[in-house]
Amino acid sequence: MGLMATKPETANLSGLARRLIQERLLAETDALEATLQATKKRVPLVTYLVDNKVVDSRDIAIAASTEYGVPLFDLEAIDFEMLPAGLVEEKLIRKHHALPLFKRGTRLFLAVSDPTNHHGLDEIRFHTGLATDAVLVEEDRLVQCIERALTAKDASTMPGLADGDFDNIDFGDGVKEDEAKEAEAGIDDAPVVRFVNKVLVDAINLRASDIHFEPYEKTYRIRFRQDGMLSEIASPPLTIASRMTSRLKVMSRMNIAERRVPQDGRIKLSLSKNRAIDFRVNTCPTLYGEKVVLRILDPASAQLGIEALGFEPAQREAFLSAIKKPYGMILVTGPTGSGKTVTLYTALNMLNTAEVNISTAEDPVEIQVAGINQVNVNPKTGLTFAEALRAFLRQDPDIIMVGEIRDLETAEIAVKAAQTGHLVLSTLHTNDAPQTLTRLANMGIPPYNIASSINLILAQRLARRLCEHCKQLDDVPKEALLEEGFKEDEVDKLTIYRAKGCNKCNKGYKGRVGIFQVMPVSDAMGRIIMEDGNSMQLADQAAREGVSDLRRSGLDKVRLGVTSLEELNRVTRD
């Protein structure tokens, strides 16, 4: 609702509001409305303007610096490890939205987005006994930095974990039995237990896929992999490193006395009666202790539905058509971490009914699904992919999933199964779909078997999604867009976005989306295979049949504003 702008009302505007009007960043009526709403909600005007996207945070900071004569500081330049710890209580930092940056003698410099908050500066001065100086920063970056600084402080200070109920988390059967061994080893440390539990729960809440516990000579760090990228989330004291490692080994049923060789284990965390999260755990001895990596295996990730994967309509129809066929082979290709397992399990969940018998062989089984017979291959005992496949064929199967085709023996059995009335799904490590066909030929599969057994090949990558709350228009010259692969008729009306970053995302991105090349194997491709054609000939034929390659599919995602050009180049560069 707009307000009539009168001189008395205008006189009530703050210096910052008037400055924004002078700089033509804010209309007078909008300034009055924003001031009124900020007062009603009892928040600073700066916070209201940024949260409601009325004015850009950077523009506000520059205007405030000019208006109040306060220096503008770039928070990107700060080293979080060098921030003064313990000088200001957390409740004061949050209450007054002020982050201690550094201390010089008896003066404490505080990062603020609202330099007119004299009451807050006075209260911090009273509690610290130090003179306080304001340093102006951007509101949105200040919010992120305060959260990061306080999170790091909580994670590295063991007593700070007592607030959460992390003692009674259910980590499945077996952990309690081994805690006697842990106590005998002198590592029955309640703060360490709470800290490790908190890290695992935080990783789930932040939708991380992996957790890295890494010891170095003088430091220890914990990193999460979120949306495919690693970021440091805590740096606990080096003195508790061995106790954390031992705690994780007890939880995953490993030998806590063995530190010289890698070990594998598993942790089960029950979040509720209906939901549990598994962690696949691996230890590896390094120069300064054992590094522990946990892979988070969430069964819910395989139940997203085909709509959430990121297929274009034509690609989705081709994929659905292939999995509905009673026999033949579907191959999913891509590097490690490209989402192949989730794609396969999405298909299996759609096919998983009481009328069909589904068996899978994996190394190891990552996602447990009721109604599917899942086998962990174990080469040490002779249970290889090939042996598991032979056993499946004697168990009256309808659908078979092989975790990976690694050798000729496995490939031959999978091809024969696809030719004898079974639907076979598997993965292969190649760069794109056409190369998969030539890879099978190079492994030794006869061309006529390849042409007659494979229904569809799907190559994929995972790109980070742009955050819907903060993505910004990206100004890229026409010549550069053409070089990136866009067509001449696209660039004139093209709108692309870039990442910015806000308190609702991870550096401008939130979640991931699949980029796919979905290539049905047509009769024409079969003839090329039979004539010993190469991958380039197959790629040309696929293009003639309207199959988009990975780069073209990625450009479509950029054109639709789903991801950025920078991110596309990261995941599809040669």
Side-chain angles (χ1 to χ4, degrees), residues 209 225-230 308-316 318-319 331-344 346 427-439 456-467 471 474-491 494-499 505-520 534-574:
S209 61
R225 187 179 293 279
Q226 297 168 267
D227 298 332
M229 305 295 285
L230 280 169
L309 294 181
F311 285 117
E312 297 301 322
Q315 294 175 336
R316 182 170 63 246
F319 182 67
L331 291 174
V332 182
T333 78
T336 301
S338 61
K340 300 188 296 296
T341 301
V342 171
T343 299
L344 287 175
T346 299
T427 70
L428 205 64
H429 285 285
T430 56
N431 290 329
D432 60 16
Q435 288 183 25
T436 305
L437 295 169
T438 53
R439 169 73 185 279
L456 178 135
I457 301 174
L458 187 154
Q460 71 178 78
R461 302 288 188 273
L462 283 179
R464 291 178 293 171
R465 285 182 182 269
L466 282 167
C467 174
K471 65 181 183 182
D474 197 3
D475 185 17
V476 181
K478 179 178 178 179
E479 294 76 15
L481 292 173
L482 291 172
E483 287 181 10
E484 292 288 354
F486 286 104
K487 298 175 183 176
E488 186 76 37
D489 58 347
E490 291 178 321
V491 294
L494 191 63
T495 302
I496 64 174
Y497 295 87
R498 61 182 174 85
C505 65
N506 183 22
K507 297 181 180 178
Y509 298 95
K510 187 174 183 180
R512 290 193 286 180
V513 64
I515 295 175
F516 300 97
Q517 180 184 25
V518 181
M519 189 182 85
N534 57 39
S535 59
M536 292 181 65
Q537 291 172 296
L538 289 165
D540 290 340
Q541 179 60 34
R544 284 193 291 271
E545 294 177 11
V547 176
S548 297
D549 62 15
L550 284 167
R551 182 69 183 180
R552 183 67 243 177
S553 295
L555 290 172
D556 288 339
K557 292 288 191 299
V558 173
R559 180 173 53 82
L560 295 171
V562 176
T563 191
S564 66
L565 200 53
E566 180 184 15
E567 177 67 3
L568 174 63
N569 288 331
R570 185 182 71 84
V571 299
T572 64
R573 62 185 175 213
D574 295 330

Chemist: Would you please test Arg552 and Glu490 for salt bridge (charged side-chain N to carboxylate O under 4.0 Å, His left out) and show each step?
Modeler: CA-CA 13 Å; Arg552 183 67 243 177; Glu490 291 178 321; 2.8 Å; yes
Chemist: Hey, what do you get for CG (Leu428) to CD1 (Ile457), rounding to the nearest 0.5 Å?
Modeler: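 Rounded to the nearest 0.5 Å, the CG-CD1 separation comes out at 8.5 Å.
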Chemist: Verify, without hydrogens or angle tests, whether Lys478 (side chain) and Val491 (backbone) share a donor-acceptor contact under 3.5 angstrom.
Modeler: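 The answer is no, because no donor-acceptor pair under 3.5 Å joins these two groups.
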Chemist: Could you walk me through whether Met229 and Arg570 satisfy the side-chain contact (heavy atoms from CB on, under 4.5 Å) test, starting with their C-alpha distance in whole Å, then the side-chain angles of each, then the deciding distance to 0.1 Å, before giving a yes or no?
Modeler: CA-CA 11 Å; Met229 305 295 285; Arg570 185 182 71 84; 3.5 Å; yes
Chemist: Given the rule in the side chain to side chain donor-acceptor pair (under 3.5 Å) test, do Thr430 and Thr436 qualify, once you have shown the distances and angles that lead to the verdict?
Modeler: CA-CA 6 Å; Thr430 56; Thr436 305; 2.8 Å; yes
Chemist: Any chance the side chains of Gln435 and Thr333 put a donor and an acceptor closer than 3.5 Å?
Modeler: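 Their side chains do not contain a donor-acceptor pair, so the 3.5 Å distance test is not met.
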Chemist: State which residue, out of Asp432, Asn569, Asp556, fulfils the side chain to side chain donor-acceptor pair (under 3.5 Å) condition with Arg551.
Modeler: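 Only match with Arg551 under side chain to side chain donor-acceptor pair (under 3.5 Å): Asn569.
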Chemist: Are side-chain heavy atoms of Ile496 and Glu484 found at a separation under 4.5 Å?
Modeler: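 No. Closest side-chain heavy atoms not under 4.5 Å.
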Chemist: Of the non-hydrogen atoms in Thr563 and Ala463, which two are nearest, and what is the gap between them?
Modeler: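 Closest approach of Thr563 to Ala463: OG1-CB, 4.2 Å.
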Chemist: Using only atom types and a distance under 3.5 Å, with no angle test, would you say the side chain of Lys557 pairs donor to acceptor with the backbone of Gly310?
Modeler: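 At least one qualifying donor-acceptor pair exists.
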Chemist: Show the atom names and distances, to 0.1 Å, of all donor-acceptor pairs under 3.5 Å that link a side chain in residues 505-514 to residues at least two apart or in another chain.
Modeler:
unit_1	atom_1	unit_2	atom_2	d
Tyr509	OH	Ser564	OG	2.7

Chemist: How long is the gap from CG on Leu560 to OG1 on Thr495, to the nearest 0.5 Å?
Modeler: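 Here the interatomic distance stands at 11.0 Å.
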Chemist: Grab the two heavy atoms, one from Ile515 and one from Ser553, that are nearest each other, plus how far apart they are.
Modeler: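 Smallest heavy-atom distance, with atoms named: CG2-CB, 3.9 Å.
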Chemist: What distance do Thr346 atom OG1 and Phe311 atom CZ have between them, rounded to the nearest 0.5 Å?
Modeler: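 If we round to the nearest 0.5 Å, Thr346:OG1 and Phe311:CZ are 8.0 Å apart.
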Chemist: If you measure from CG on Leu437 to CZ on Arg439, what distance do you get to the nearest 0.5 Å?
Modeler: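 Nearest 0.5 Å value for the CG-CZ distance: 12.5 Å.
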Chemist: If you take all heavy atoms of Phe486 and Val558, which pair is closest and at what distance?
Modeler: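 Of all heavy-atom pairs spanning Phe486 and Val558, the closest is CZ-CG1, 4.0 Å.
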Chemist: If I compare all heavy atoms of Leu462 with all of Gly337, which pair ends up nearest, and what's the gap?
Modeler: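 Shortest heavy-atom separation between Leu462 and Gly337 comes out as CD1-O, 3.7 Å.
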Chemist: About how many Å separate CG of Leu482 and CD of Glu488, when rounded to the nearest 0.5 Å?
Modeler: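 CG of Leu482 is found 5.0 Å from CD of Glu488.
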Chemist: Looking at Ser338, is its backbone amide N or carbonyl O close enough to the side chain of Gln460 to form a donor-acceptor pair, meaning the two atoms are under 3.5 Å apart?
Modeler: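 Yes; judged by distance alone, with no hydrogens or angles, the pair exists.
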Chemist: Which atom pair, heavy atoms only, marks the closest approach of Phe516 to Leu309?
Modeler: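 Looking at all heavy atoms of both residues, the closest pair is CE1-O, 3.5 Å.
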Chemist: Return yes when atom CD of Glu545 has more than 12 non-hydrogen atoms of other residues, nucleotides or ligands closer than 6.0 Å, and no otherwise.
Modeler: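 It does: Glu545 CD has more than 12 such atoms within range.
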Chemist: Would you say the side chain of Thr336 lies within less than 4.5 Å of the side chain of His429, judging by non-hydrogen atoms?
Modeler: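 Sidechains of Thr336 and His429: in contact.
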Chemist: Can you confirm whether Asn431 sits close enough to Arg461 that some side-chain heavy atom of one is under 4.5 Å from a side-chain heavy atom of the other?
Modeler: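 The answer is yes, as the side chains (C-beta and beyond) meet within the 4.5 Å cut-off.
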Chemist: Under 6.0 Å from the CG atom of Asp475, do we count more than 12 heavy atoms belonging to anything else shown?
Modeler: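 No, because the 6.0 Å sphere around CG of Asp475 holds 12 heavy atoms or fewer from other groups.
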Chemist: Give me the atom names and distance for the closest heavy-atom approach of Gly554 to Leu568.
Modeler: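 Answer, listing the atom of Gly554 first, then Leu568: CA-CD1, 3.4 Å.
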